[in-house]
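Report on the following structure.
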Amino acid sequence: MGTLGGAGLAAAAAGRARTLGMEGERRASQARSSGLPAGGADGESPGGGTPFPGSSGSSALLQAEVLDLDEDEDDLEVFSKDASLMDMNSFSPMMPTSPLSMINQIKFEDEPDLKDLFITVDEPESHVTTIETFITYRIITKTSRGEFDSSEFEVRRRYQDFLWLKGKLEEAHPTLIIPPLPEKFMVKGMVERFNDDFIETRRKALHKFLNRIADHPTLTFNEDFKIFLTAQAWELSSHKKQGPGLLSRMGQTVRAVASSMRGVKNRPEEFMEMNNFIELFSQKINLIDKISQRIYKEEREYFDEMKEYGPIHILWSASEEDLVDILKDVASCIDRCCKATEKRMSGLAEALLPVVHEYVLYSEMLMGVMRRRDQIQAELDSKVEALTYKKADADLLPEEIGKLEDKVECANNALKADWERWKQNMQNDIKLAFTDMAEENIHYYEQCLATWESFLTSQTNLHLEEASEDKP
Amino acid sequence: MTHNNFWLKKIEISVSEAEKRTGRNAMNMQETYTAYLIETRSVEHTDGQSVLTDSLWRRYSEFELLRNYLLVYYPHIVVPPLPEKRAEFVWHKLSADNMDPDFVERRRIGLENFLLRIASHPILCRDKIFYLFLTQEGNWKETVNETGFQLKADSRLKALNATFRVKNPDKRFTDLKHYSDELQSVISHLLRVRARVADRLYGVYKVHGNYGRVFSEWSAIEKEMGDGLQSAGHHMDVYASSIDDILEDEEHYADQLKEYLFYAEALRAVCRKHELMQYDLEIAAQDLASKKQQCEELATGTVRTFSLKGMTTKLFGQETPEQREARIKVLEEQINEGEQQLKSKNLEGREFVKNAWADIERFKEQKNRDLKEALISYAVMQISMCKKGIQVWTNAKECFSKM
């Protein structure tokens, strides 16, 4: 893919991202030694590198460093591990001094899958303390990335920790589409907070959540994400305590809500379109979620009734000497169809329901992203307003405005790019989910068809036998 | 289509139409009822052409009258049952309204089936009243009533009494009664569960219809996915509406089972008649035995049994030899009569058992054939439903994969 020159590109080849807080205040990046094996340049997969000897990988935030990326960054076509990102637009270049929070991960043509971070979430365990009961999940991370200290990690996390991670990601990337977390509580108000189905559904969703982050070109390099995956419990706690406190975060939220209203007025056309789409999409996906849940419920009730249906024929056969065989055969056909229904139901629950529900949560997330974008724009607009009406500190304003304009542009571009990626993913996921659902139904009907057809054949054969027996 | 021995030619009977009518009932009140058109055709042997020979309208109550008549005059026959008077075993979509067109349609078929069963019965098909039912529109009711069959009918109370008190019914009839009870119970249960299953199945299919609507609305905002969504939605609609025909077919299956549910009652009627006759016989035998004993006692002068005469004799003194002779003579006459009656009752009873059992054997074979056929037709229905399902979902899958 062309020569990769310069430390910047080599850095990209190694798959490291620069993550830049939109406020420009907090930066998290990693120190690197110049002794990096030029895995990228040789055309090897970045994932093949050896762990950094020099990196500390500890819980403490590493020294922020600004890395200069090459100015002709836009020569790089963006490939991704994910086939779905094939037709993603290349990122528009940013001014060199304010690098994008966009990753350029290069994919080499002879290596289709460059996934170098594998995460599983399993083994939910209940913990009881004097104050509370909670569940932790085991998280196993396997990676070949250099910046990780080791190639395998095992940690235990609870739902609160996931919430924290999500919050940090949102803070760091307000206009990126962060994957959704499963809900805190069951919508329909379970009596028991921790029943097995609930835990299993949540576990799967958490697994999805982490993997989506891992697949995201930018988020995958987020420092808090790394810490989440690797730090010991006490390390995580102390790390969590750093950063803006609760009160300041609350203050931010209040300001955000207030100012986002203003941002709506000057929203550029493309974001108006985006917003319309999000609103409509949200409506439709919510409906689809309801419909899908309802179908599952109806199928379950159908299954419950069917379970009784077959045995009645057996009961009947007890009083009919000439019809014993046919009645028993019918009963067994019904039972087999019953089992096929059960399989269909569980297929639906696996393939369709979680996907649709995730996109319901995504649609809420998207609205939040829009709001944050609007808020950033509102900040700019208010300063511009101030300048126009010559309010206080008029001489400082132009510089501030300049910075804010950058910020807005950054945010908008980040969102635009991520939006395209998200849409593509959404289309694929929905397509797959519904195709699976159709497949389950086809399989179900095929099984039932085979059952009844073989019954019919055996009856016809029997009839022929009897007919030939009757002949002297 | 059946052959009928009353007419020399082959005949075809059909209940071809149903019509809503209004009229005045016995209490001169307005009422609405449904009338059914019965058409009889005779089929020429040679060329198979059929000619309409009779056509008239009858209402359900006239069918009932015909059946009640047959029950009285052919107590040893398992008389075919009528389709239900009121809709039972309904699931939510089916209405329980007698005027509902679907119910009327199914009843029309049931009434036709009833007439065909009679016409194909070797004995019942020769009945004159049945013939008139098909051919004489006016006055038929009066004709039936003139037979006085209502008077000949056994009272329910008498029958009940006999059931409890009979000592030696033919074991085969006792077994038959048990069988018919079981048949009724199991078929009722099956029909109930089937109705519930139908209800649920209806729900599953219909909810998918909602996808159609939402997909269509969603496709409006999607550029690439739009077409796929839209056409997939259409298939969801097709799927949702396919259940109506499927369940209507199943309703016919349910009706076939219902017929045998009602046949159980017809079987019991025959058993009851046997019990009644047997009871009658036992009473007559008892009566005869006690008279014989009385006679003997009078002749020998010993009093072993209690009798009013004996009592009064003790109280008021012995009777004269002339009186005693007279009494013995009366008793001997009664005993003779009684013996004749017993003989004929015995004969009647044995005839009844023989004929009834012949018809029961015929019924059993008919039942086995019909139920086998019904179960097979159920399988055929399921196969058709599965094939439709495969087609719709294959189409939908194609649309989804094109999204």
Side-chain angles (χ1 to χ4, degrees), chain A residues 276-277 280-281 283-285 287-288 290-292 294-295 297-299 301-306 308-309 312-313 315-316 318-320 322-323 326-327 329-330 333 337 426-427 430-442 444-453 455-456 459-460 463, chain B residues 178-179 182-183 186-187 189-190 193-194 196-197 199-208 210-211 213-215 217-218 220-222 224-225 228-229 232 239 364-365 367-368 371-372 375-376 378-383 385-390 392-403:
Chain A
N276 284 339
F277 182 92
L280 271 160
F281 174 79
Q283 261 178 39
K284 299 313 158 198
I285 199 74
L287 279 171
I288 291 183
K290 285 206 186 73
I291 295 169
S292 307
R294 180 67 190 276
I295 289 178
K297 176 171 168 280
E298 294 285 341
E299 280 185 10
E301 291 182 345
Y302 172 68
F303 170 69
D304 286 339
E305 296 294 351
M306 275 294 260
E308 256 194 78
Y309 196 34
I312 297 179
H313 293 79
L315 190 67
W316 192 359
S319 50
E320 297 283 349
D322 295 305
L323 299 175
I326 192 174
L327 283 170
D329 287 343
V330 169
C333 284
C337 290
M426 183 270 283
Q427 282 174 352
I430 297 284
K431 172 171 148 172
L432 191 66
F434 278 107
T435 310
D436 280 348
M437 172 176 88
E439 189 57 57
E440 284 291 333
N441 276 290
I442 292 172
Y444 162 74
Y445 282 113
E446 279 176 347
Q447 270 195 299
C448 291
L449 181 66
T451 306
W452 288 108
E453 276 186 335
F455 165 81
L456 212 61
Q459 287 303 312
T460 325
H463 188 72
Chain B
H178 285 150
Y179 168 77
E182 276 173 25
L183 186 71
V186 83
I187 294 186
H189 191 190
L190 197 141
V193 177
R194 190 211 71 89
R196 290 205 299 260
V197 170
D199 213 7
R200 293 286 151 223
L201 194 64
Y202 185 78
V204 172
Y205 273 73
K206 284 299 179 188
V207 181
H208 279 85
N210 288 311
Y211 274 144
R213 189 179 41 94
V214 180
F215 281 177
E217 293 167 5
W218 185 3
I221 55 171
E222 289 285 349
E224 298 102 4
M225 281 211 309
L229 270 178
Y239 182 68
K364 276 192 183 159
E365 291 193 4
K367 166 196 61 112
N368 289 336
L371 288 177
K372 270 201 183 139
L375 289 168
I376 288 176
Y378 182 74
V380 170
M381 275 185 259
Q382 298 303 303
I383 287 173
M385 176 173 96
C386 290
K387 285 189 173 158
K388 280 190 206 167
I390 290 175
V392 165
W393 283 104
T394 308
N395 290 341
K397 180 176 166 196
E398 219 184 284
C399 295
F400 287 134
S401 60
K402 287 203 190 120
M403 287 193 334

Highest number of heavy-atom pairs under 4.5 Å with chain A: which of [options]?
| options | value |
| --- | --- |
| B:K397, B:E398, B:E182 | B:K397 |
| B:V392, B:V193, B:N395, B:I187 | B:V193 |
| B:K388, B:Q382, B:K387 | B:Q382 |
| B:H189, B:K364, B:K206, B:K402 | B:H189 |

Hey, could you give me the [atom1]/[atom2] distance between [X] and [Y], rounded to the nearest 0.5 Å?
| X | Y | atom1 | atom2 | value |
| --- | --- | --- | --- | --- |
| A:I291 | B:N210 | CD1 | CG | 4.5 Å |
| B:Y378 | A:F455 | OH | CZ | 10.5 Å |
| B:L190 | A:Y309 | CG | OH | 5.0 Å |
| B:L201 | A:E305 | CG | CD | 11.5 Å |

Choice from [options] maximising heavy atom contacts with chain B below 4.5 Å:
| options | answer |
| --- | --- |
| A:Q447, A:E299, A:E440, A:K290 | A:E299 |
| A:L280, A:T451, A:T435 | A:T435 |
| A:V330, A:I430, A:D436 | A:I430 |
| A:D304, A:D329, A:I295 | A:I295 |

Looking at [X] and [Y], what are the two nearest heavy atoms and their distance?
| X | Y | result |
| --- | --- | --- |
| B:I383 | A:E453 | CD1-CG, 3.6 Å |
| A:E298 | B:V207 | CG-CG2, 4.0 Å |
| B:V214 | A:K284 | CG1-O, 3.8 Å |
| A:Q459 | B:I376 | CB-CD1, 4.1 Å |
| A:H313 | B:L375 | CD2-CD2, 4.5 Å |
| A:A438 | B:W393 | CA-CE3, 3.5 Å |

Using non-hydrogen atoms only, which part of [X] is less than 4.5 Å away from chain A: side chain, backbone, both, or neither?
| X | result |
| --- | --- |
| B:Y211 | both |
| B:L229 | neither |
| B:H178 | neither |

Could you look at [X] and say if it's the side chain, the backbone, both or neither that has a heavy atom under 4.5 Å from chain B?
| X | result |
| --- | --- |
| A:L287 | side chain |
| A:L432 | neither |
| A:T460 | neither |
| A:Y444 | neither |
| A:L456 | side chain |

Check: Do NZ/NE/NH1/NH2 and the carboxylate oxygens of A:E320 and B:K367 come within less than 4.0 Å?
Finding: yes
Margin query: In the structure I gave you, are the side-chain heavy atoms of A:I288 and B:W218 within less than 4.5 Å of one another anywhere?
Written below: yes
Notebook entry, point to check: Would A:M426 and B:M225 count as a side chain to side chain contact (heavy atoms under 4.5 Å, CB included) if you check the C-alpha gap in whole Å, the side-chain angles of each, and the deciding distance to 0.1 Å?
Noted result: CA-CA 10 Å; A:M426 183 270 283; B:M225 281 211 309; 4.1 Å; yes
Next item on the list: Step by step, work out the side chain to side chain contact (heavy atoms under 4.5 Å, CB included) result for A:W452 and B:V380.
Entry: CA-CA 8 Å; A:W452 288 108; B:V380 170; over 6 Å; no
Notebook entry, point to check: Under 30°, 30 to 60°, or over 60°: which ring-plane class applies to A:F434 and B:F400, parallel, tilted or perpendicular?
Noted result: parallel
Checklist line | A:H463 atom NE2: more than 12 heavy-atom contacts under 6.0 Å | finding: no
Check: Under the side chain to side chain contact (heavy atoms under 4.5 Å, CB included) criterion, do B:R196 and A:E308 qualify, and how do the steps go?
Finding: CA-CA 10 Å; B:R196 290 205 299 260; A:E308 256 194 78; 3.2 Å; yes
Next item on the list: Take B:E222 and A:F277, measure what side chain to side chain contact (heavy atoms under 4.5 Å, CB included) needs, and give me the verdict at the end.
Entry: CA-CA 9 Å; B:E222 289 285 349; A:F277 182 92; 3.1 Å; yes
Next item on the list: Measure from the side-chain N and O atoms of A:K431 to the backbone N and O of B:S401, and report whether any donor-acceptor pair falls under 3.5 Å.
Entry: yes
